[in-house]
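Okay, handing you the structure first.
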Amino acid sequence: VQLQAFGGGLVQAGGSLRLSCTASGRPFGTYIMGWFRQAPGKEREFVAAMSNGGGRTNYADSVKGRFTIFRDDAKNTVYLQMNSLKPEDTAVYFCAAQPYGSRWYTYKAALLSEYSYWGQGTQVTVSS
């Protein structure tokens with residue numbers, strides 16, 4: 001599957017952004033989808049994930065209550081709604097997909113190693 005992320009930009013602290021990630025390839029609904037981010041000089045870290053079918057989610061503690069992941073399988077798209085943004089949210093955001101037909105495990109959803117497909121990343125910058 002090929003992934004493309006969109007929607008990054010510059011926003012003031014407290015503002016909102018919605019990232020989108022479109023996929024091509026096999027039926028999108030069969031993929032577990034995740035969002036990760038990487039700030040300068042830091043390792044890539046988990047942000048959020050959603051199960052194939054959309055019934056289950058997992059969030060990093062740092063974004064709980066502020067970010068929401070959701071998907072529209074008819075549009076082959078997964079979204080990340082980011083509210084109450086903070087300067088520490090500044091990073092390049094990547095969408096990713098686990099292998100086709102993977103089974104959901106909450107702890108695995110947060111592991112970079114479980115994802116086989118990655119988009120190109122979109123920059124999010126939050127000014128103070």
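Because the structure is a prediction, the values reported are computed rather than measured. Numbering of residues begins at 1 and proceeds along the displayed sequence.
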Quick check on the hydrophobic clustering: are Y93 and V63 connected, directly or via other members, by side-chain heavy-atom contacts under 4.5 Å?
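In one cluster: yes.
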Non-hydrogen atoms of F67 and Y59 that approach each other most closely:
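F67 and Y59 have their closest heavy atoms at O-CE2, 3.2 Å.
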Which atoms form the tightest heavy-atom contact between S127 and L10, and what is the distance?
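What the structure gives for the nearest pair is CB-CD1, 4.4 Å.
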Considering only heavy atoms from C-beta outward, does the side chain of W35 approach that of M82 to under 4.5 Å?
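Sidechains of M82 and W35: no contact.
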In terms of heavy-atom contacts, does CD of Q2 have more than 12 from other residues, nucleotides or ligands at under 6.0 Å?
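Not buried by this count: 12 neighbours or fewer within 6.0 Å.
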Can you confirm whether or not the ring centre of Y79 sits under 6.0 Å from the ring centre of F70?
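Here the rings of F70 and Y79 have centres that are less than 6.0 Å from each other.
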Checking side-chain polar atoms at under 3.5 Å, does S102 have a donor or acceptor matched by the opposite partner on W104?
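No pair is found: no donor N or O on one side chain lies under 3.5 Å from an acceptor on the other.
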Has R37 got a side-chain atom pairing as donor or acceptor with V124's backbone, closer than 3.5 angstrom?
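Such a contact is absent between R37 side chain and V124 backbone.
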Any side-chain heavy-atom pair of L112 and W118 under 4.5 Å:
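L112 reaches W118 side chain to side chain.
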Any side-chain heavy-atom pair from F6 and T122 closer than 4.5 angstrom?
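With C-beta onward as the side chain, the pair stays apart.
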Rounded at 0.5 Å granularity, tell me how far NZ in K108 sits from OG in S113.
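Rounded to the nearest 0.5 Å, the NZ-OG separation comes out at 9.0 Å.
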Straight-line distance of L3 CG to Y115 OH, nearest 0.5 Å:
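Separation between the atoms: 11.5 Å.
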So which atom in P87 and which in S128 form the shortest heavy-atom distance, rounded to 0.1 Å?
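For P87 and S128, the tightest heavy-atom pair comes out as CG-CB, 3.8 Å.
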Apply the test side chain to side chain contact (heavy atoms under 4.5 Å, CB included) to residues E88 and V126: give CA-CA distance (whole Å), side-chain angles for both, the deciding distance (0.1 Å), then the verdict.
CA-CA 8 Å; E88 51 263 45; V126 184; over 6 Å; no
Mind checking the SG-OH spacing from C21 to Y117? Nearest 0.5 Å is all I need.
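Atom-to-atom, C21:SG and Y117:OH are 13.5 Å apart.
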Checking side-chain polar atoms at under 3.5 Å, does T22 have a donor or acceptor matched by the opposite partner on N76?
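Judged by distance alone, the side chains do not pair up.
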Work out which heavy atom in S84 is nearest to a heavy atom in S16; give both atom names and the distance.
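Scanning both residues, the minimum pair turns out to be N-OG, 4.3 Å.
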Check the pair N58 / Y107 against side chain to side chain contact (heavy atoms under 4.5 Å, CB included), numbers first and verdict last.
CA-CA 8 Å; N58 188 11; Y107 78 96; over 6 Å; no
Contact between Y100 and Y31 at the side-chain level, heavy atoms closer than 4.5 Å - yes or no?
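Yes, close enough: below the 4.5 Å cut-off.
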Nearest 0.5 angstrom please: I32 CD1 to Q98 CD, how far?
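One gets 4.0 Å once the value is rounded to the nearest 0.5 Å.
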Quick check against the 3.5 Å criterion: does Q120 have a side-chain atom that pairs as donor or acceptor with the backbone of A5?
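Yes: the side chain of Q120 pairs with the backbone of A5.
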How close do G101 and N52 get, counting heavy atoms only, and between which atoms?
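In terms of heavy atoms, the two residues are closest at C-ND2, 4.3 Å.
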If you round to the nearest 0.5 Å, how far is CZ of R66 from CG of L85?
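Reported value, rounded in 0.5 Å steps: 6.5 Å.
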Might you point out which heavy atoms bring G119 and F94 nearest each other, and give the distance in Å?
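The answer is O-CD2, 3.6 Å.
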Between atom OG1 of T77 and atom CG of L19, what is the distance when rounded to the nearest 0.5 Å?
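So the OG1 of T77 and the CG of L19 are separated by 12.5 Å.
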Hydrophobic cluster identity match, L80 and F36, side-chain contacts under 4.5 Å
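Hydrophobic grouping puts L80 apart from F36.
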So K75 and S20, side chain to side chain contact (heavy atoms under 4.5 Å, CB included) or not? Walk me through it.
CA-CA 11 Å; K75 295 183 178 179; S20 303; over 6 Å; no
Does E114 form a side chain to side chain contact (heavy atoms under 4.5 Å, CB included) with Y105? I'd like the steps, not just the answer.
CA-CA 10 Å; E114 293 296 318; Y105 293 95; over 6 Å; no
Report the C-alpha distance between D61 and K64 in whole Å, list the side-chain angles of each, state the deciding distance to 0.1 Å, and finish with yes or no for salt bridge (Lys or Arg N to Asp or Glu O under 4.0 Å).
CA-CA 5 Å; D61 288 342; K64 280 181 182 177; 3.2 Å; yes
